[in-house]
Amino acid sequence: MSYPYKDFESKWQAWWEEQGVYHAKEAIDAEGEKFYGLIEFPYPSGEGLHVGHPRSYTAIDIMMRKKRMEGKNVLYPIGWDAFGLPTENFAIKTKQPPAQVTAKNIANFTHQIKILGVGFDWSREINTTDPKYYHWTQWMFIKFFDSWFDEKSNKARPINELIIPKEVEEQGIDAMRKYRDDRRMAFKQKTEINWCPKDKIGLANEEAAGGVCDRCGGPVEKREKEQWMLRITDYSQRLIDELGQVDYLDKIKTSQVNWIGRSEGASIRFVISVSSVISTEAEKSQNLKQYTSKEISRLRRTSLEMTKEDDNAVEVFTTRPDTIFGATYLVLSPDHRLIAQWLEDGTIENAKDVKAYQTKTKKKSDLERQENKEKTGVELKGVTAINPATKKEIPIWIADYVLSGYGTGAIMAVPAHDERDFEFAKKFKLPVIKVVEPPILDTMFSQDVAVSKGLQGNVKVKAECWIGDGVAVNSDFLDGHDTSKATEKIISWLEKNKVGEKKVTYKLRDWVFSRQRYWGEPIPMVNCDHCGWVPLDEFELPLLLPEVKNYEPTDTGESPLATMTDWLKVKCPICGAKARRETDTMPNWAGSSWYFLRYCDPHNEQEFASKHALKYWMPVDLYNGGMEHTTLHLLYSRFWYKVLFDLGYIPSSCGNEPYSMRRSHAMILGEGGIKMSKSKGNVVNPDTMVEQYGADVFRTYEMFIGPYEMDAPWSTKDILGVRRFLDKAWNLSLTQIKNYELRIKNDGEYALRAPKDVAGRVEDVVKTLSLPGIDSEDVQPYDYILNYSIKKVGEDIDNMRFNTAVSQLMILTNELQGKPMRSRDVRSYLKLIAPFAPHMAEELWHQLGNDSSIHLEAWPQFDATKIVETEVTIAVQVNGKLRGSIKAPSGADETVVRKTAESEPNVQKHLEGKTIKKVIYVKNKILNFIV
RNA sequence: GGGCCCGUGGCGGAAUUGGUAGACGCAACGGACUUAAAAUCCGUCGCUCGAAAGAGCUUGUGGGUUCGAUUCCCACCGGGCCCACCA
């Protein structure tokens, strides 16, 4: 018979809430150790809960339930990451206020999660769109604005501790303000945004995935816009190094490190010359002109010594300074700052072509860029550079394969040692010089050789020179070998000659923190003609998101808030003059960057969380989330936390990492292993499953579905197997309980439900009546399997191997079939099942005569002596092949086992007429005869 | 192109530090109960040969290390995810 889950699931859910079973104790009156478990709070979309959500909620719930039963003060909170685009777009489409849509979605999600029986502490529920919450998001933004990164102490500090150099101070107040603004953790900068020319709106990256507009499907362009940025790049090195302090899955650490993308190399300055020096076209294409020091002195710059990049030098970044002898041209990104200047002062002779190329690049969508990787570019006529190592004059090009955002936005092209440079050189017939041997070798070679007299200690270079294509770059001597010595040597030469130095760069970009959207936290900043960007006074927070008539983005690409003329007008907090509010809002990553801090003290109106609460709960002991957030949310929130930590808003005892442990769940796929999607019609709705099978079956099935960290396909048939299991567990437990009733009735004429003054608990009744059997100390036939299961299930939960934990519970349940149990063993059995099937366990627990929740009972202990096996099965092999198996006492030594094994008929057969050369014996496991 | 992950029966998946491959579940087949079906219970279940005992083969493919490899190493094939002109 199926167990009647409908009779009691909602009853217990209400009772748990009423009893506060899952409420964490406040830091102040808590005893014992704390445990803070966290799942990524959901975005309450209109789609409703996906079956993937409960997989991780249940998994962590199971771990939290066990911790709670082990006596820990568990914090397992839930909330809503509710600002964001899908809601805004839905609101626009249906002409409803986003706040209203959000409220509806939250109500729906709440219901869906509550019927699952997850043990969340709902008393700490938070919502990022609640002014009481975003008050502090705004407050933190101001703290970012009011701080800078001090490289000396390697941490963020208040901006008023920034010392302004004398020479800047002398330049006046504007210069001082600029000096400060250029260093703030939150700053305004022109950056490219995705722009849909058809819809005339700016798009978030996620709306412009693949270079296509999310709304109209048309191509997306780049446009420049001033945006708020957060200086996460200052933390690049710490975000890598401090991973050493935390326990994250290796693949998570690896992808964060790769995302930050540290590379070591050198920055090298190439002096610029004017083209009039170059004699002829022929000379230019056939021979790279070798300059004498005399000629160099005729260049615009008389010395090759460059201590920093200026108008007369281009700075490049390279990870291979050892190949500098092969650098035959420079390439700048089309929007390199020097180009605008050269265009202006007329240095560039082919200005028209250059400008045309710049425009073309800007129009090029990401999609085109991805699809068509053929090299394009334009030579800058009239400007050249001098390779500091070879002293040769080399041309300068612009090309979109050089990215403005990485390194210095300029490269030295070494076509013989870089595929992209080679492709480019081939196409535009540029010289290719292969550095055949590292320039540290004291051998001198051949034809068009670049020799650097500048290098110390008679260092010479073997190099070959080709013009144009016809050269295959393969099996290069340097590439793939250890070039570190050569690199080191060159760098020290560069440094000695002041034309370059060691440099580290990162792929990580600063965080674009503005959205030209409505449904986000207003940025609490004011622009004043006299004072520049000024934050609101703290007592003015929260700056409420005003209601607007129309949520559509504006034609100008500004946020809808820009149409609120009254709201925009504000007095400057500093000088009181007329000023204008910022109309951009924050990205949805803002609220999620610190929500785990708010859970510690969610109702605090004086601060984002009290120091005391933070001290008690932080860091998060276990944080579970999807791999897709590894390089965004997880990195952002680590950064955010570090800034708050550096500024002293988080007690130092919490440590400078927010999460001690990070684990990852995987996806639940549709039947057959394809992704669930509305269009494929294979979406499974959790509500339907709960209705059809009950929450306990649904939960347990999702745990049984496969390894937690791996994707698993949904199977409507497999869930039936789990239902059968819980039916069996239910019937088994009821049978045991009925047995007590019968025995009590027969022997003592008491019913189990005897009046409370006689007894509430079965075992009390039993003790009162001193009935033998029920609580007997006799050896029971299930002693081994029960104790082993307690051990195994406990370990599996700790190690997040939920699938094997469930299978062990199945084995246990099958083995207990038809065996009368001691009441204390039934209690242990129910406790083992409780984390997986909390409703059923609670119901049976109460039927057993208990009044308090099973989820607050102590986790069962196993008796190690019951697990020790006295007799073991040993596999017997002949030449590594299994020929039989024998029983032997546990720990038996070789001679005993060998004797038994040799008498085994099948083993005998294979040993017959052969001499045993060697015997390998592994205690309690295997005996192998080598003949 | 770079990084990460995964290949085990008809299916989802088990297998401590290398030690009896296929736990547990699904499906399938045979049986019991039933007027019948469902549900439930009992049994069989990697492949090939064999009545059976047993033998051979088997963890994507090919090599290697080892007494012994799903596990470790090398190469290849297939699939997935993320990033992608990152100098």
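Everything numeric in this text was worked out from a predicted model, so none of it was measured.
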Just call it for [X]: base, sugar-phosphate, or nothing, with non-hydrogen atoms closer than 4.0 Å on any strand.
X        : value
A:Lys375 : base
A:Thr318 : sugar-phosphate
A:Val722 : nothing
A:Arg883 : sugar-phosphate
A:Lys507 : base
A:Leu403 : base
A:His910 : sugar-phosphate

Measuring only the [atom1] atom in each nucleotide, how far is [N] from [M]? A whole number of Å is fine.
N      : M      : atom1 : value
B:rC67 : B:rC74 : C1'   : 23 Å
B:rA53 : B:rU17 : C1'   : 37 Å
B:rC4  : B:rA15 : C1'   : 25 Å
B:rA36 : B:rU48 : C1'   : 40 Å
B:rG19 : B:rA32 : P     : 44 Å
B:rG80 : B:rG31 : C1'   : 44 Å
B:rG9  : B:rU61 : P     : 10 Å

Just N and O in the side chain of A:Arg724: are any of them under 4.0 Å from OP1 or OP2 of B:rA39?
no

Closest nucleotide among B:rC85, B:rA87, B:rC57 to the A:Asp418 side chain:
B:rA87

Which nucleotide sits closest to the side chain of A:Tyr406: B:rC26, B:rG54, B:rA87?
B:rA87

Is it the case that the side chains of [Y] and [X] hold a donor-acceptor pair, with the cut-off being a distance below 3.5 Å and no angle test?
X        : Y        : answer
A:Ser903 : A:Gln908 : no
A:Tyr406 : A:Ser263 : yes
A:Glu40  : A:His633 : no
A:Tyr506 : A:Thr233 : no
A:Gln808 : A:Ser789 : yes
A:Ser715 : A:Tyr701 : no

List the protein contact pattern of nucleotides 8-21 of chain B with one symbol per nucleotide (5' to 3'): B for base contact, S for sugar-phosphate-only contact, - for none; contact means a heavy-atom distance under 4.0 Å.
----BSS--B-BB-

Report the secondary structure of RNA chain B in dot-bracket form, marking unpaired bases with a dot and bases paired to a different strand with |, and treating Watson-Crick or G-U pairs with both distances under 3.5 Å as paired.
(((((((..(((......[....))).(((((.......))))).((((....))))..(((((..]....))))))))))))....

Check each residue of residues 808-817 of chain A for a non-hydrogen atom within less than 4.0 Å of any atom in RNA chain B, then write out the ones that pass by number, or none.
A:Met810, A:Ile811, A:Asn814

In terms of relative ring orientation, are A:Phe424 and A:Phe428 parallel, tilted or perpendicular, with 30° and 60° separating the classes?
tilted

For A:Asn624, run the side chain to side chain donor-acceptor pair (under 3.5 Å) check against A:Arg662, A:His665, A:Arg663 and tell me which one passes.
A:His665

For residues A:Phe704 and A:Leu809, determine if any side-chain heavy atom of one lies less than 4.5 Å from a side-chain heavy atom of the other.
no

Which sits closer to the 5' end of RNA chain B, A:Gly880 or A:Asp421, going by the nucleotide each is nearest to?
A:Gly880

Start at the 5' end of RNA chain B and walk down; is the nucleotide closest to A:Ser263 or to A:Val806 reached first?
A:Val806

